[in-house]
Colleague: 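Have a look at this one.
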Amino acid sequence: MNKTELRNTILSAIELPHIGKNEMTLSANGGVQTQEIQSAIDALSAAGGGTLTLQPGVYHTGALHLKSGVELHLASAGTVVRFVTDELAKNYPLVFCHWEASPCYNYSALLYACDAHDIAVTGDGVLDGGADAEHWWSWHHQVERSWSENKPDLQQPARKALRDMNLNGVPVEERIFGEGHCLRPNFFQPIRCQRVLLQGVTFQNSPMWQLNPILCRSVVVDGVTLSSHGPNNDGCDPESCDGVWIRNCRFDTGDDCVSLKSGRDRDGREANAPCRNILIENNEFADGHGGVALGSEMSGGIYNVLACGNRFSSPNLTYALRLKTNARRGGAVEHIMLCDSVMEHVHGAAIHGTMLYEDGRNGDSLPVFRDITIENITAHGGDYGIFLEAFPEVPITGLVLRNITIDGVYQCLRSMNWQDAVVENVTINGKRFPRPDRVRVLGVPCAGGTVAAAAECCGASEPLRFHWRCSPDGVAWRSCGEGETLILPSDARLVQVEALDPAGESALSCCYKVLQQSVESPAARLCCRGMLNKVELDGSAKPVTRQELAWMLFPLANQSLTLPVLPDTDDPAARYAAANAFLALKEGRFVPQGTITRQEMATVAMQACGVNYRNASSTMPVCADAARVADNYGTNAARALYFGFMELDENGCFGPDKLVSRAEAVEILNRVADFAGL
């Protein structure tokens, strides 16, 4: 993939709007000026187009509908257009729109256009959507963290109804929302428009997504500031557009900064309208979940995207590049290049991609990640340096990672189902990649028994070599063999294995206890990894306590974290469990002898497995009793089932409120530790 050719291809699809020569000027009068502003827009368009200039002052208005050939110009920084938050049905009347990439009829976007051409919003002024904790944002409780509170979500019934309409093919004219529902409108939503320009203005306090051009051709967003921190307050979400240039902007948002979309589920697959030819350059990403995100609504595909010369400056930015989709979406992400960018501090991962977002594997429309190049990147901080995973049926192909330096991360890399990746000059935490990773001993080591080694090495095709060492006391170590398998010496009490690649890079497993007799059981496996003191489980049917769980989880913890002071225990395992968010505090207390339910255990498993999925959504697992699973645990329950950490009972039920026994906890954490590479 050639960067210059890709950039030229994208720019060839973009043209600036042609604005008419007529001019009109309005002044603020202190009242609500919806009709006054709208009448001026209509008149200019009818006269062949022109510029409507709003002089300095505060304008109060309901929804404004932009028309062909018209530029709305905010004369200075003192020009503030403030959208009202009362009489919603009157001020934001029903229009055809898209809501989270599903077509329907809902409240009008604050700035709206449909089937228009040559429209623009320019100037140094401010567009204030009026949203806050009491207006618009209160309609949605966003599950941000694995242990978020389970609060009522007012928009959930309507959101679910619209998703069901989408999946069942209900005609769009029957999808009526608006008053009596709680689907928040987007700020700026032009639909089926050609030649759209946003330049210089500031958007703030949006009800939901801020900029959402849909099925548009030639969209330029230049020097715009997007500052809004409510739920789902994405910055710019081009949907099924062809030719979008986002440049010189500042994103400070409550969700993804730029998120490319192309339709959701059945609607998106039937429309088959990709998002393509997108250029994202010289922007500052100050805050948000993802800097440049692709998906999750990408059923029509996303093609030809170049993001270069961008600056990711905030420690609160979760992911710089983010790919997110699932088996219900389908669609392909193809010909993507992220390059020549600095990520000063990232909270989650510099590069993050997953097919397990929201619905995960619950669907029959498998997505595709193909031909993705990431090069000339410098980044600092985060849970991971690079995190890219796909379903085994559709591995990531055509992946190129080149000239990347990342430091200050907890875990270097997650490479799940990469096929023939090119990894060149990649250094994470001072380690050169490709290199061996996730080195571990399989089975239960016992004196005189046979053990086997396993490891991963992304981006390399040459086989690994394994070198074994053992110790009778943890002080004196000696070499005891080569190869993938080893018969343990009779005096061995501890064993480790080292993996080496042909380039001389190596990685060492953790230290495993050698048991004195062969016992194949989850408890034995935990015991050899230091997660249990003994194989026998006394009272195994009794509910496991939070303190017992904390000690089992201890070897999986990031032990470099600052430990909190707990008012009801000074036990180090409890403090590490709290620091790593393996277990949630209850009103600031650890409650050592407290018990744990299965839905809570699902979140424990996902927090401890080494694959942290931030921004969990309210997706329910597929089970007979899904209605009983709380919203804030639903996504992690679904993921714990997908990864095989937990199972349904013989009736297909999850049993969310059932207490977890000691024996069940051991079985679950044994699978979690295997997955984590311990």
Colleague: Scan for ring pair (Phe, Tyr, Trp, His ring centres under 6.0 Å) pairs involving residues 193-240, sequence neighbours excluded, and state none if there are none.
Modeller: Phe187-Phe203

Colleague: Can you confirm whether Leu388 sits close enough to Trp418 that some side-chain heavy atom of one is under 4.5 Å from a side-chain heavy atom of the other?
Modeller: yes

Colleague: Can you name the closest pair of heavy atoms from Cys216 and Pro190 and give their distance?
Modeller: SG-O, 3.3 Å

Colleague: Just jot down the salt bridge (Lys or Arg N to Asp or Glu O under 4.0 Å) partners of Glu505, sequence neighbours excluded, or say none.
Modeller: Arg432, Arg435

Colleague: Would you call Gln204 and Ser228 a side-chain contact if the rule is heavy atoms closer than 4.5 Å?
Modeller: no

Colleague: Taking the basic N atoms (NZ, or NE/NH1/NH2) and the acidic carboxylate oxygens, is any pair closer than 4.0 Å for Arg328 and Asp364?
Modeller: no

Colleague: Return yes if a side-chain donor-acceptor contact under 3.5 Å exists between His73 and Thr122, otherwise no.
Modeller: yes

Colleague: Between Ser259 and Gly295 (side chain of the first, backbone of the second, donor and acceptor by atom type, cut-off under 3.5 Å), is there such a pair?
Modeller: yes

Colleague: Judged by atom type as modelled, is there a donor-acceptor pair below 3.5 Å linking the side chain of Asn212 to the main-chain atoms of Asn186?
Modeller: no

Colleague: Considering residues at least two apart in sequence or located in another chain, which fulfil the ring pair (Phe, Tyr, Trp, His ring centres under 6.0 Å) criterion with His18?
Modeller: none

Colleague: List in chain and number order the residues that pass side-chain contact (heavy atoms from CB on, under 4.5 Å) with Arg402, two or more places apart in sequence or in another chain; answer none if no residue qualifies.
Modeller: Glu375, Val400, Glu424

Colleague: Evaluate Val121 against Leu66 for side chain to side chain contact (heavy atoms under 4.5 Å, CB included), listing each step before the verdict.
Modeller: CA-CA 9 Å; Val121 181; Leu66 303 179; 3.8 Å; yes

Colleague: Which heavy atom of Asp115 sits nearest to which heavy atom of Cys193, and what is that distance?
Modeller: N-SG, 4.0 Å

Colleague: Taking only residues two or more places apart in sequence or in another chain, which ones pass side-chain hydrogen bond (donor to acceptor under 3.5 Å, both in side chains) with Glu5?
Modeller: none

Colleague: Do Asn283 side-chain atoms and Glu281 backbone N/O form a donor-acceptor pair below 3.5 Å?
Modeller: yes

Colleague: Do Val196 and Val220 make a side-chain contact, defined as non-hydrogen atoms from C-beta onward lying under 4.5 Å apart?
Modeller: no

Colleague: Taking only residues two or more places apart in sequence or in another chain, which ones pass ring pair (Phe, Tyr, Trp, His ring centres under 6.0 Å) with Phe188?
Modeller: none

Colleague: Checking Thr79 side chain against Ala77 main chain: does a donor-acceptor pair fall under 3.5 Å?
Modeller: no

Colleague: In Å, rounded to the nearest 0.5 Å, how long is the span from CG of Leu294 to CD1 of Ile372?
Modeller: 8.0 Å

Colleague: Return yes if a side-chain donor-acceptor contact under 3.5 Å exists between Asp407 and His380, otherwise no.
Modeller: yes

Colleague: Is there a side-chain contact between Arg322 and Tyr357 in this structure, where contact means two heavy atoms from C-beta onward sitting under 4.5 Å apart?
Modeller: yes

Colleague: Once rounded to the nearest 0.5 Å, what's the spacing between atom CG of Leu6 and atom CG of Asn8?
Modeller: 9.0 Å

Colleague: Give a yes or no on whether the backbone of Ile336 and the side-chain of Tyr303 come within a donor-acceptor separation of less than 3.5 Å.
Modeller: no

Colleague: Could you measure the distance from the SG atom of Cys308 to the CZ atom of Arg7? Nearest 0.5 Å is fine.
Modeller: 6.5 Å

Colleague: Suppose we screen for side-chain hydrogen bond (donor to acceptor under 3.5 Å, both in side chains). Which residues come up paired with Ser365, at least two apart in sequence or across chains?
Modeller: Arg269

Colleague: Sequence neighbours left out, what passes ring pair (Phe, Tyr, Trp, His ring centres under 6.0 Å) with Phe643? Give chain and number order.
Modeller: Phe645, Phe675

Colleague: Testing the basics here: between Arg361 and Leu356, what is the closest heavy-atom pair and its distance to 0.1 Å?
Modeller: N-CD2, 4.1 Å

Colleague: Does Gln189 use its side chain to pair, donor to acceptor, with the backbone of His98 at less than 3.5 Å?
Modeller: yes

Colleague: Specify the closest pair of heavy atoms between Pro231 and His140, including all atoms of both residues, with the distance to one decimal.
Modeller: CB-CD2, 3.7 Å

Colleague: State which residues pass side-chain hydrogen bond (donor to acceptor under 3.5 Å, both in side chains) with Asp265; sequence neighbours excluded, sorted by chain then number.
Modeller: Arg329

Colleague: Glu15 and Ser218: side-chain donor and acceptor closer than 3.5 Å?
Modeller: no

Colleague: Does Ser262 reach the main-chain N or O of Gly300 with its side chain, forming a donor-acceptor pair under 3.5 Å?
Modeller: yes

Colleague: Side chains of Asp255 and Thr253: any donor to acceptor distance under 3.5 Å?
Modeller: no

Colleague: Would you check, one step at a time, whether the test side chain to side chain contact (heavy atoms under 4.5 Å, CB included) holds for Arg217 with Asp242?
Modeller: CA-CA 5 Å; Arg217 295 178 62 89; Asp242 187 353; 3.3 Å; yes

Colleague: Any ion pair linking Asp256 and Lys324 (charged N to carboxylate O, less than 4.0 Å)?
Modeller: yes

Colleague: Considering only residues two or more places apart or on different chains, which pairs with a residue in residues 220-239 satisfy salt bridge (charged side-chain N to carboxylate O under 4.0 Å, His left out)?
Modeller: Asp222-Arg247

Colleague: Between Asn558 and Asn580, is there a side-chain donor-acceptor contact under 3.5 Å, judged purely by atom types and distance?
Modeller: no

Colleague: Could you check, using the six-membered ring where one of them is a Trp, whether His352 and Phe387 have ring centers closer than 6.0 angstrom?
Modeller: yes

Colleague: With sequence neighbours excluded, tell me which residues meet side-chain contact (heavy atoms from CB on, under 4.5 Å) with Arg311.
Modeller: Glu284, Ser313, Glu344

Colleague: Any donor and acceptor pair, going by atom type alone, linking the side chain of Arg195 with main-chain N or O of Pro17 inside 3.5 Å?
Modeller: no

Colleague: Are any of the side-chain heavy atoms of Leu226 and Asp252 separated by less than 4.5 Å?
Modeller: no

Colleague: What pairs with Phe285 under ring pair (Phe, Tyr, Trp, His ring centres under 6.0 Å), at least two apart in sequence or on another chain?
Modeller: Phe251, Phe312

Colleague: Using side-chain heavy atoms (C-beta onward) and a distance below 4.5 Å, is Cys275 in contact with Ser240?
Modeller: no

